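Structure record follows, encoded as structure tokens.
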Amino acid sequence: MPITRSVARRRAAVTAPLAAAALVLGVTPALPASAAAPPPAERPGKAPVDLDALFVGAHPDDESGTLSTLGQWNEDHGVRAGVVTVTRGEGGGNAVGPEEGPALGLLREAEERAAVGKAGVREVFNLDDVDFYYTVSAPLTDQVWGGDTLEKVVRVVRQTRPEIILTMDPAPTPGNHGNHQEAARLAIAAFYAAADPKMFPEQITKEGLKPFAPARLLTNGARGTGQPGESCSSTYKPANPAQNVFGVWSGRTSASQGKTWAAIEREAQREYASQGWAGFPDVPSDPQQLGCDFFTQVDARVPFPEPGSAAAAAPTNILDGAVTRPKGGVPLGTTFFLRTSDFDVRPGAAFTVEAEVGAPQKERLGRSTVALKVPEGWQVTGSGDLGRVRAGQTAKATFTVTPPAQAEPGRVRVAATLTTENGGGYTDRQVEVSPPVRAVQQPLPQVAQYEKWTAEVGVPQLGGIVQPVLTLPSGGSREVGVVVTNVGSETRSGTVRIDLPDGFTAESTEAPFEDLAAGESVTVPFKVTNSDPSLKTSNEGGDYPYTITTTIDGGGSAVSRPALELVPATTVPQAESAPAVDGAEGDGEYTGDTLDISRLWEGSECESAADCSGTAKLAWHDDTLYVLVHVKDDVLGTALETSDCKRHWRTDAVEVTLDPRGVSENTSTTFKTAVLPVTAEGPPCFLRDADNHQGPGEETAPGMKVASKVGDGEYTVEMSIPMEVLPGAVDPEHLGLNILVYDSDTQDKTGQTRIGWSTWGGVQGDPYRWGVARLPGYQPPADRPTTPPEPVIPDTALSSLDSPQTLEQSVRVNVPPAGAPAAAHAPRVVTASGGRDSVQVRLQAGEPGEAHLFVRDAEGTAGSKVVKVSRKGVTTVTVPVPRAPGKGATVLAGWASRDGGTAAASAPLR
């Protein structure tokens, strides 16, 4: 059985060597206390909460898929976990009431606290960044959240000092929410930055925090295949065999709750009622039908279980080395990791590997050796003898590794085992074997930005995991660039050849590159045409892999396998006269193609064509686009009030998306409108959402008209869209277009099925996957700009100072609200007294600021008030209470100082 140390003892053992281990990926280590300049005195009072694990997500509910694991850790090993939630999810829907904006944020925070509490998690740290619409763009998310979010995450890590950081998928895989990507990137960057005293040094010099190096970093989820049941962890096969994936089986039964952890996790998920999760079905009762929570390790500064070993499949596989000491393992606080001189290594070329071992401050390792493990046929030279490693001492061993000249390209592990007088350990690091020249299909902008980020942060092992794809319209052509990069040390020349699948042709399939200098790249263009328009498009089979082969003069070659994706295309004819927007197709109004919009892209399958299916027709006249959509739907969803004409995915709706020039990276430069065919009052309503300017249709799309006709088991929606309301002039040869139908068969403001024309998961946020429309004969006005205006993005988020539940936590765990620095002169509630109608609060402040006061009892908030405090000293505030506070009431004070610091205080009501 693993041995779990007390928190106090483990902290003393782990902190100093882990700070030194920050060098593992090029960050500057924290100096030992004896060598570093003395930090300023810490704030008076108790120390901040000390966590073992911290999950970093973007919204409430992002952690929901990890609660089975966090619950097991808490119950079996006393692991104290917390959650960082960058936003409160104010941009999401609300299936339980009218709340939106900050009020919805308060509701969603309460749901999250109730949900994670079922897994024994009490601490939720909200950072108060704005939650805006669904996007798949991390760059847009970074732009909206601003430049201080990493600083806030680092501050929370330094305050709470977790050994394990869990987060989401940082890669722009299709459909991956951009907010999720950005939250993961923040967590990964914070893993390194929190250990580096040069990062946000004022947190150390002014706030009294110390650098802290977490032990292990993992993302939830994995890429690979496996099977459910108790062996789900040991039988999982990662797509990248050099990747370390750990699974924690959800079918184990909780000793205290008498049900599987999967069932407990499902109960927790149902707490997110505002997101329509209250009706989630039960999980299977047979534990062997339940799978694992999978986590992919990004990095580790401590030993961890060797892949394929029994320990790697045990429930403690992520805790071992960081929080628990496995049988035969080195003491907790021991650091062990590898550095390689290169990530890209070449056949026949030597590179160096350095192993570093650090002993805990109060325990020796004794005589120690490191043995390097490399793939078969690789050569290793160098000694792994570390001598005697005393308490607090660091030792290193350097090896030279040479792959064979015929080494196969791809990712491989370079691993090491540590043997000491006081236990052993394992670690590894990925490298990629590649020829001197590499060629890949040109990346999408968001993928290129991601690859740049992996290089900047120093996590090359996270690069190259998104398959390169480019779209082209059915029957159309495009230029496909092949990016050739010389990763070797000598100038190279050669050729690039593309081998296309049936149904695709190119003007030329081979082209040279010449005198490409080391470290340089060149793009080789190919004109590719879909010569068979009958090929399937979208998610019905529209992915067409092909091969790029690079041949290097003098010998050597490389192969990559990207894909072309076909999206549907149509021609929109000019109408002789403007169609009447009346919800019906008049004679001669729509003479073009009938578009099939019945393909599923998310949600449950349609039970039949009568359940959900549809067609669409388009026309243009003068400077207006006309759209007619006919939907088969045997059960209409909730009829929302006209005043609630927003967040259309909650009920039946038709969405039309337009990318004026077909080149948008994200939807902030597009036009997206949705029409609800019926409202509680009867007539349809329309809106714009998740685009260049969201809001009620009448305000954000002036001149647009909608009409609908609802019959037995069907409805028709018709609309006219003045093209002047689009964010930029239309390119008549390449208008990005999609038509999507949201189908709800319930009355609880939840949708079940999404169908449409160009269909991929997450397609509503992916303009490059929309279909393409040609408008022959149309010309936009000459003075209409082609550059879109700056987007209007929602910017309203709940302040943590207006969240009593956050303030109560802040008082309890001594961590300032909102990831902000602690106020230099935190206020104190001197006394709180009052009667039935008001409460008198005497607040002592050491500086001017703003106080957010709440009178709280068992029923919630009895009264509140926000006041400006203009001077230091004692200020008396009268807080009105609409209802008399109950027994045991308290007064909470949230505080914002002029320099951005925050604090919280409380006192009992007398």
Side-chain angles (χ1 to χ4, degrees), residues 22 24-28 56-58 62 84 86-87 127 129 135-154 157 165-196 198-200 214 217-223 240 243 296-300 340 342-344 411 429-432 434 438 440-469 483 485 487 519 521 562 665-666 668 762 765-766 768:
V24 65
L25 275 177
V27 296
T28 304
V56 180
D62 285 348
V84 168
V86 179
T87 81
L127 302 187
D129 282 283
T135 180
V136 295
S137 173
L140 179 63
T141 302
D142 180 54
Q143 174 187 334
V144 173
W145 284 356
D148 65 341
T149 309
L150 176 59
E151 180 180 359
K152 291 189 284 188
V153 177
V154 168
V157 171
I165 290 183
L166 307 174
T167 190
M168 311 187 79
D169 181 1
T173 47
N176 189 16
H177 200 309
N179 291 181
H180 297 171
Q181 296 175 46
E182 185 65 13
R185 297 182 197 185
L186 291 166
I188 292 166
F191 178 82
Y192 304 106
D196 185 354
K198 294 181 181 179
M199 291 294 294
F200 311 112
L217 170 66
L218 303 98
T219 60
N220 66 335
R223 293 169 172 85
N240 170 10
Q243 207 164 45
T296 301
Q297 184 162 284
V298 177
D299 205 353
T340 61
D342 300 284
F343 176 75
D344 286 303
R411 299 278 175 93
R429 187 154 296 279
Q430 290 185 52
V431 295
E432 181 160 1
S434 62
R438 175 187 301 150
V440 296
Q441 180 178 271
Q442 69 185 75
L444 294 164
Q446 56 193 314
V447 177
Q449 188 272 345
Y450 171 72
E451 296 295 338
K452 180 181 178 183
W453 172 83
T454 63
E456 291 172 345
V457 177
V459 284
Q461 66 273 29
L462 291 179
I465 60 178
V466 180
Q467 184 190 34
V469 298
V483 181
T485 303
V487 296
S521 297
E665 189 273 333
N666 61 70
S668 70
D766 251 343
Y768 81 95

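Bear in mind that the values here come from a model prediction, so they are computed numbers and not experimental data.
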> For T135 and T141, what are the C-alpha separation, side-chain angles and deciding distance, and is it a side chain to side chain contact (heavy atoms under 4.5 Å, CB included)?
Replying inline: CA-CA 8 Å; T135 180; T141 302; 3.8 Å; yes
>> Does R185 form a side chain to side chain contact (heavy atoms under 4.5 Å, CB included) with Y450? I'd like the steps, not just the answer.
In response: CA-CA 9 Å; R185 297 182 197 185; Y450 171 72; 3.4 Å; yes
> Could you go step by step and tell me if T219 and D169 meet the side chain to side chain contact (heavy atoms under 4.5 Å, CB included) rule?
Replying inline: CA-CA 6 Å; T219 60; D169 181 1; 5.7 Å; no
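Residues F191 and P214 approach most closely at CE1-O, 3.4 Å, considering heavy atoms. Closest heavy-atom contact between M168 and A58: SD-N, 4.2 Å. Nearest approach of A448 to P443, heavy atoms of both residues: CB-CG, 3.8 Å. Scanning both residues, S521 and V483, for their nearest heavy atoms gives CB-CG1, 4.2 Å. Residues A190 and V153 share a closest heavy-atom pair of CB-CG1, 3.6 Å. What you find for V157 and A194 is that their closest heavy atoms are CG1-CB, 3.6 Å.
Side-chain contact annotation: T296 with Q243, donor-acceptor N/O pair under 3.5 Å absent.
For the atom pair OG1 of T173 and CD of Q446, the computed distance is 9.5 Å after rounding to the nearest 0.5 Å. Interatomic distance, NE2 of H180 versus OG1 of T167, reported as 10.0 Å (0.5 Å rounding). Residue D62 holds its CG atom at 8.5 Å from CG of N179, rounded to the nearest 0.5 Å. Separating the CG atom in L127 from the OG1 atom in T87 is a distance of 9.5 Å, to the nearest 0.5 Å. Atom CD of residue E182 and atom CD of residue Q143 lie 11.0 Å apart, to the nearest 0.5 angstrom. Note that OH of Y192 is 3.5 Å distant from CG of D299, once rounded to the nearest 0.5 Å.
Under 4.0 Å is where a charged nitrogen must lie from a carboxylate oxygen, and between D129 and K152 at least one such pair does.
Distance alone, capped at 3.5 Å, is enough to place a donor-acceptor pair between the Q461 side chain and the V298 backbone. Side-chain atoms of Q181 come within 3.5 Å of backbone atoms of N176 as a donor-acceptor pair (strictly under, hydrogens ignored). A donor-acceptor distance shorter than 3.5 angstrom exists from the side chain of E451 to the backbone of G464, with no hydrogens or angles considered. Although no hydrogens or angles enter the test, the distance criterion places no donor-acceptor pair under 3.5 Å between the side chain of R438 and the main chain of T485.
Considering only heavy atoms from C-beta on, N240 comes within 4.5 Å of Q430 through its side chain. Using a 4.5 Å heavy-atom threshold, the side chains of P468 and V447 count as separate. Considering only heavy atoms from C-beta on, I188 comes within 4.5 Å of V457 through its side chain.
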